[in-house]
Amino acid sequence: MTRDAVYTHGHHESVLRSHRQRTAENSAGYLLPHLRQGISLLDIGCGPGTITVDLAARVAPGQVTAVDTADDALAAARAEARARNLSNISFATADVHALEFDDGTFDVVHAHQVLQHVADPVQALREMRRVCAPGGIVAARDADYAGFTWYPQLPTLDRWLDLYEQAARANGGEPDAGRRLLSWAQQAGFDDITPTAGIWCFATPDDRDWWGGMWADRILESALARQLVESGMATTAELTEIASAWRQWAAAPDGWLAIPHGEILCRKT
């Protein structure tokens, strides 16, 4: 997924737990009306493959190629495809900055939560444009961390957000990617762009329990946790306080969290 940047989250179980909740419906709804049976699709940064298999089911018998930089993520995606009995997906390791596919190979090129983590998102979009067929679509969706909003407004979670943004930028990424997608696509040479926005909202008891518990584990056990402590950005004690704050938020009967996303549909002319 990246050339010089480091994937901030890593692939700890708590991270994959988050990724496995993603579906085409909750993460690529802006793209779905443009899909049809028989088209070819490239899914970049496929992770554990839950979005990939949904897309593959929609375009079958069209072929889907799913790529990632992490072997363990690809292994999980292959298992997801087997569980869904889908045979129209192939998998490969790939760098989005230099895709090893011919020009105009795919009708649709899709990336979800990828451009925020790469070293050069404009170059990534240029490559996505190159391998897209004329008249095809390049689609990307990314969160915007600075736009995260929650209640109750726990100060410790403000610290969590500050630490995450510091770590992501230290790794060469841009955590506030959502607001930049339109600009990046323009710089990459697209002139037919439909920019939109989407939102995830976690406010039911089950959603709060899932999100708060996932981040309570993630801030203590993932690659992000190791980076924060080893770099001196935070102490283990501080991360323990953040984990407790996430559990406190999850337990609040009026707890609410919204995550904004930027979205772009770019037609290759």
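Source: prediction; values computed, not measured.
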Does Tyr151 belong to the same Ile/Leu/Val/Met/Phe/Trp/Tyr cluster as Leu157, with side-chain heavy atoms less than 4.5 Å apart forming each link? no
His117 and Asn171, any side-chain heavy atoms less than 4.5 Å apart: no
To the closest 0.5 Å, what do you measure between CD1 (Ile264) and CD1 (Ile137)? 12.0 Å
Interatomic distance, Thr156 atom OG1 to Glu238 atom CD [nearest 0.5 angstrom]: 8.5 Å
Do Leu55 and Val59 come close enough that some side-chain heavy atom pair is under 4.5 Å? no
Tell me, yes or no, whether the heavy-atom count around Glu25 atom CD, taken from other residues, nucleotides or ligands under 6.0 Å, exceeds 12. yes
Looking only at atom types and distance, does a side-chain atom of Asp68 sit under 3.5 Å from a main-chain N or O of Ala70, one as donor and one as acceptor? yes
Please answer whether the main-chain N or O of Gly136 pairs with a side-chain N or O of Lys268 as donor and acceptor at a distance below 3.5 Å. no
Would you call Asp144 and Arg180 a salt bridge, using N to O less than 4.0 angstrom? no
Nearest atoms (heavy-atom pairs only) where Ile193 meets Ala185: CD1-CB, 3.8 Å
Any chance you could measure Phe202, atom CZ, to Asp209, atom CG, to the nearest 0.5 Å? 12.5 Å
So, the side chain of Asp142 versus the backbone of Leu181: is there a donor-acceptor pair under 3.5 Å, distance only? no
Under 3.5 Å, is there a donor-acceptor pair between the side chain of Ser222 and the main chain of Ile219? no
May I ask you to decide whether Asp71 forms a salt bridge with Arg78, counting only side-chain N to carboxylate O separations under 4.0 Å? no
Does Gln113 use its side chain to pair, donor to acceptor, with the backbone of Ala143 at less than 3.5 Å? yes
Are the side chain of His112 and the backbone N or O of Ala28 linked by a donor-acceptor pair below 3.5 Å? no
Going through the distances and angles, do Asp43 and Thr52 end up as a side chain to side chain donor-acceptor pair (under 3.5 Å)? CA-CA 7 Å; Asp43 191 25; Thr52 310; 2.5 Å; yes
State plainly whether one hydrophobic cluster holds both Ile51 and Leu32, where clusters connect Ile, Leu, Val, Met, Phe, Trp and Tyr through side-chain heavy atoms under 4.5 angstrom apart. yes
If you draw a 6.0 Å radius around CG in Asp103, do more than 12 non-hydrogen atoms from other residues or ligands fall strictly inside? yes
Looking at Asn88 and Gly62, what are the two nearest heavy atoms and their distance? ND2-O, 2.8 Å
I need the minimum non-hydrogen distance between Ala225 and Arg218, along with the two atoms involved. CB-O, 4.0 Å
Any sub-3.5 Å donor-acceptor pair from Tyr145's side-chain atoms to Asp162's backbone N or O? no
Distance flag, aromatic centroids of Trp215 and Trp249, threshold under 6.0 Å: no
Same apolar cluster: Leu161 and Ile259, side chain cutoff 4.5 Å: yes
What about Val229 and Trp160, same hydrophobic cluster or not, with Ile/Leu/Val/Met/Phe/Trp/Tyr joined at side-chain heavy-atom distances under 4.5 Å? yes
Nearest 0.5 Å, please: how far is CH2 in Trp200 from CG in Asp207? 12.0 Å
Mind checking the OG1-CG spacing from Thr50 to Asn26? Nearest 0.5 Å is all I need. 8.0 Å
Heavy-atom closest pair, residues Ala203 and Trp256: CB-CD1, 3.6 Å
Between Gln248 and Ser244, does any side-chain donor sit less than 3.5 Å from a side-chain acceptor? no
What are the two closest non-hydrogen atoms of Pro260 and Gly147, and how far apart are they? CD-O, 3.4 Å
Taking the side chain from Glu127 and the backbone from Leu99, do they hold a donor-acceptor pair closer than 3.5 Å? yes
Given 3.5 Å as the limit, does a donor-acceptor pair link the side chain of Arg208 with the main chain of Ala252, or not? yes
In terms of heavy-atom contacts, does CG of Asp102 have more than 12 from other residues, nucleotides or ligands at under 6.0 Å? no
Do Val138 and Val122 share a hydrophobic cluster, counting only Ile, Leu, Val, Met, Phe, Trp and Tyr and linking them when any side-chain heavy atoms are less than 4.5 Å apart? yes
Minimum heavy-atom distance between Phe190 and Leu125, given as atom pair plus value: CE1-O, 3.9 Å
Under 3.5 Å donor-acceptor, Arg141 side chain and Gly29 backbone: no
CZ of Arg267 to SG of Cys132, rounded to nearest 0.5 Å, is 8.5 Å
